[in-house]
Amino acid sequence: MDSSESPTETKKTKSKTPRKNKETVLKQKSPAEFFAENKNIAGFDNPGKSLYTTVRELVENSLDSAESISELPVVEITIEEINKSKFNSMIGLIDCERVDAELYDDYETEKAREKRLAKEARAQEIQAKNAALGKKVKETPASKGIRGRGEASFYSYMQGDNGKGMPHDDIPNMFGRVLSGTKYGLKQTRGKFGLGAKMALIWSKMSTGLPIEISSSMRNQSYMSFCRLDIDIHKNIPHVHVNEKRENKERWHGAEIQVVIEGNWTTYRSKILHYMRQMAVITPYAQFLFKFVSDAPEKNVTIRFSRRTDVMPPVPLETKHHPSSVDLLLIKRLIAETSKQNLLQFLQHEFVNISKSHAERLIGEMGPDFSPKMALKSLTPQQLVRIHQLFRQAKFDDPNGHCLSPAGEYNLRLGIIKELQPDMVATYSGSAQVFEGHPFIVEAGVSIGGKNVKQGLNIFRFANRIPLLFEQGADVVTRTALKRINWSSYKINQLQDKIGIFVSIVSTKIPFKGTGKEYIGDDITEIASAVKYSIQQCCVQLKSKIVKKMQAREQQERKRNLNKYIPDATGAVYNVLKDMAETQLHASKKFRYGDDDGELLRKVSENLITKETLSEKLAKHVEQVDYEMALEYATQSGVSEEPRETIYIQPLETENKIIDLHSPFFVFRMFH
Amino acid sequence: MAESSKKRRRTNTDDLPFKNKLKPDSAILQTLKDFSTSFSSSSSSSKTLTLQDLSLPFSCREVSDLSLSSVQSNIESLVLRIAHSILSGNGFAFDVPSRAATNQFYVPELDRIVLKDKSSLRPFANISTVRKSAITARILQLVHQLCNKGIHVTKRDLFYTDVKLFQDQIQSDMVLDDVSCMLGCTRSSLNVVAAEKGVVVGRLIFSDNGDMIDCTKMGMGGKAIPPNIDRVGDMQSDALFILLVEKDAAYMRLAEDRFYNRFPCIIVTAKGQPDVATRLFLKKMKMELKLPVLALVDSDPYGLKILSVYGCGSKNMSYDSANLTTPDIKWLGVRPSDLDKYKIPEQCRLPMTEQDIKTGKDMLEEDFVKKNPGWVEELTLMVKTKQKAEIQALSTFGFQYLSEVYLPLKLQQKDWL
């Protein structure tokens, strides 16, 4: 029976599986759906990270927007914590009391409560004991209420800037359609994929269901656009609630965004603040106001990162492709998009570093099928491959870095000084270099000391002028600083000194590794060596400063260090003398020593010369030597070591309030 | 008894490679006897050269054994000079002979390293030398105390008298060498000795502090070499040669197998880099007993280095090289050429590291290697094959291969360089 049954069963299962396969339907997924399902690609891994990424994406958009119209950026951010009842009222839900307490995950059973109470009682007992003994009482952390799974925290994120603003009709698409963007050209930009703002909206839709609100106005625009929208994830199109023009009396330009999302301020607080701080380092010409508001006033945070310079890096230019960086697909696209008719013009105008004569030589090299005047449309796929091959093999001049906009040594230095207040800082800006046809510039700064800086290496990474905070371990900068720099040869102690390392890389294409744009791989030798060289250049600058400082310190400590050994030396000498004096007395070998020596020993035995005498004389000698050395040092190092005076420079913006008291002979001016 | 045990062993080890090449022990003994007599007659005829016999283009610094009282008076006059200098307000400074590598010189005629007479001033009132000069003063005082009382202490004792100042035994040891160099006496004259390290076993009878010691009756471990050589005297021996062993393991094998009874010899080891006491002891044995010295070291650059320290002296102690070196040590094994000659299997050879190869190449430039063409050849072979092997590699043919086949065969063939 058994044997007969089993084969039928296997047959059944066999026949079942293919039927299932037949049932599979070909489905299409919209980009919005894809990113909603794979939020982690865009940095929305969890509520905390989502809050961080939202801040990051929107701040970067604001900076890009302000810089594009050469306006010094002003960005104001407010994150407001929304408690549950407030959130419920926002979405129009009435608070429900728990009726069946045991239904919930955070329900405390009788046993657990007993345990907890016993523990608390014990803790209190210990504390009371400690207090009685007069020990310092550590404040016991207030017992946190157990948070269940359902207890999400919500935040209202508001951000205003003074940027370019957005054209009225484009606003819905700019927020409500994933993978639509204005930054797709070949140029150095912070954002790239057209994802950031949309992901924030998708996240808000997924976590709170509340729409995003945008107010925006462009320069010299008489009205202000107000738009409230959410996104239709399945169709990847915006779903507009309101899109209206409002009055704009003050001729304000910029954008204001408000979005309500789930987040986690507690765990990502430090990351967000670090991000703001590092952003302030690399963009010292921007002004940031960051606020966190919650019901508990002690949790509130307000930080102003004020502007320290008016010098703004130039707007990065859009550039043409370098022949060695294009692939076959890109060539086809360029041909489709170009306005040029023939091959010669195409090569000459659609690529950098190909002059007319160069283009003619290249066409000659391509083979007999090619001619300068041949129409682009007539190129066969085989011929395109030939062009691609030649682009790969031929030698082209490297692209210059004119299209790049590095932060600039000045700004980097200013940013470091402003945010870290280090004892010493050195910066270096490299010249443009190339990897795979993409130009890049590495700038580096190394600082020693400063406030809020940990001992050891503190690495700050920037790519296209945005801070990179995550996945530091594998990054090219971290690797270089840890493994390829011999810090001790620059008189820097890798473990003890507070070292800040700042490396900013800008490029038309930053070779990010991994899904999130969080680190640059260590495998591109051009970048790795440029990073190493830049850091080394900073270290060379620092070394001379450090050596000078060490010399100065040696000057100060010389006397102390010398005096430290006086008791040892004189003690040893005196003990020998004393022994000698004693044996001389006993053995009465007076003639063993010369007159001077005999006299000396006599004085020792009569206590006319003691250890103190020797110490005093030696100390005097040390003092004299120290004085001579100090004099020599002063003559060598010049007058630079004069006592310094603090000078105060008047602020740029506030106008001088002065009163002039005039008399026939002089004017007496008083500053307030 | 010995006869029977030998027989038993032989039956066990008949299958050892190269065993059949071995002649009877009596024949080997005869060759050794011839060698030994020719050696002692040749060594007695040639007078050992001293520095004074050579007219070198520069002056050298050498130290000698000084009596306690002269060491004491040397220290006293130095201290008096310092005291005067301090009292007259000039601070003080020591004039310390430099023991840097640039101040060393290999003298081929003497076959040892000597110290040139360059010296450096160690003033107290200088930030870079203040510490060392304070330590020097303290060591001088301690040695003076030792001389006064006429006792010996170890280097470790000395260090512990003022740990706070010395911080680290290396520092007090370094200064101690400086002091003996400065006073012109050997380190043993300062009454400071190192802990016992070397051991000796075999056909040797000597007196240690008045007690007669028979090194054949010291058990397997042998007799520890006394740290102060002045206690040692009355050496007697019927040995034909001295066997210098680098390693404790090989020494144990030979001692346990009573190798010295089969071929009368004295076996010495310092367990790695030789200390002063072992070197002094070897020198004394060679001088008094007029025996040839054969060395068994690892086939790597460090083995040869250890050989060179016995033979030509170390750079650190070059000021006393006259007393510490034993010239004319023969390199018996294990030599790089032996690896193939005795078909030592690949798995027992080790690849040389970068550092090893570099050391080997550096040693090829050293004078004490260059003076012996055989050594140059061997070392070149080692660097070329990039293989090294320890004495223990011979154990691959059986633990007793070393004492049963390798050494007898080597002796029979007079295979030393």
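Below, read A as the first sequence line, B as the second, and so on, with proteins coming before strands; counting in each chain starts at 1.
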Heavy-atom check, side chain of A/Ile448 versus side chain of A/Leu542, under 4.5 Å: yes

Contacting moiety of A/Val625, where chain B heavy atoms sit under 4.5 Å: side chain

Contact residues of residues 556-568 of chain A (partner chain B; heavy-atom separation under 4.5 angstrom): A/Arg558, A/Asn561, A/Leu562, A/Tyr565, A/Ile566, A/Asp568

For B/Pro123 against B/Thr129, the heavy-atom pair lying closest together: O-OG1, 2.6 Å

Inter-residue atom distance B/Leu66.CG - B/Leu190.CG, 0.5 Å rounding: 9.0 Å

Inter-chain contacts: residues 614-622 of chain A against chain B, heavy atoms under 4.5 Å: A/Leu614, A/Lys617, A/Leu618, A/His621, A/Val622

Engaged part of B/Arg131 at the chain A interface, taking heavy atoms whose separation is under 4.5 Å: both

Test log, rule side-chain hydrogen bond (donor to acceptor under 3.5 Å, both in side chains), inputs A/Gln555 and A/Gln551: CA-CA 6 Å; A/Gln555 286 298 316; A/Gln551 276 175 348; over 6 Å; no

Check: A/Cys539 main-chain N/O paired with A/Trp487 side-chain donor or acceptor under 3.5 Å: no

Heavy-atom contacts under 4.5 Å, residues 84-94 of chain B to chain A: B/His84, B/Ile86, B/Leu87, B/Gly89, B/Asn90, B/Gly91, B/Phe92

Which atoms of A/Asp596 approach chain B - backbone, side chain, both or neither, heavy atom under 4.5 Å: both

Check: A/Lys491 main-chain N/O paired with A/Ser488 side-chain donor or acceptor under 3.5 Å: no

Pairwise distance CZ(B/Arg99) to CD(B/Gln104) - rounded to 0.5 angstrom: 8.5 Å

Contact listing (chain A partner; residues 155-179 of chain B; heavy atom under 4.5 Å): B/Asp162, B/Leu165

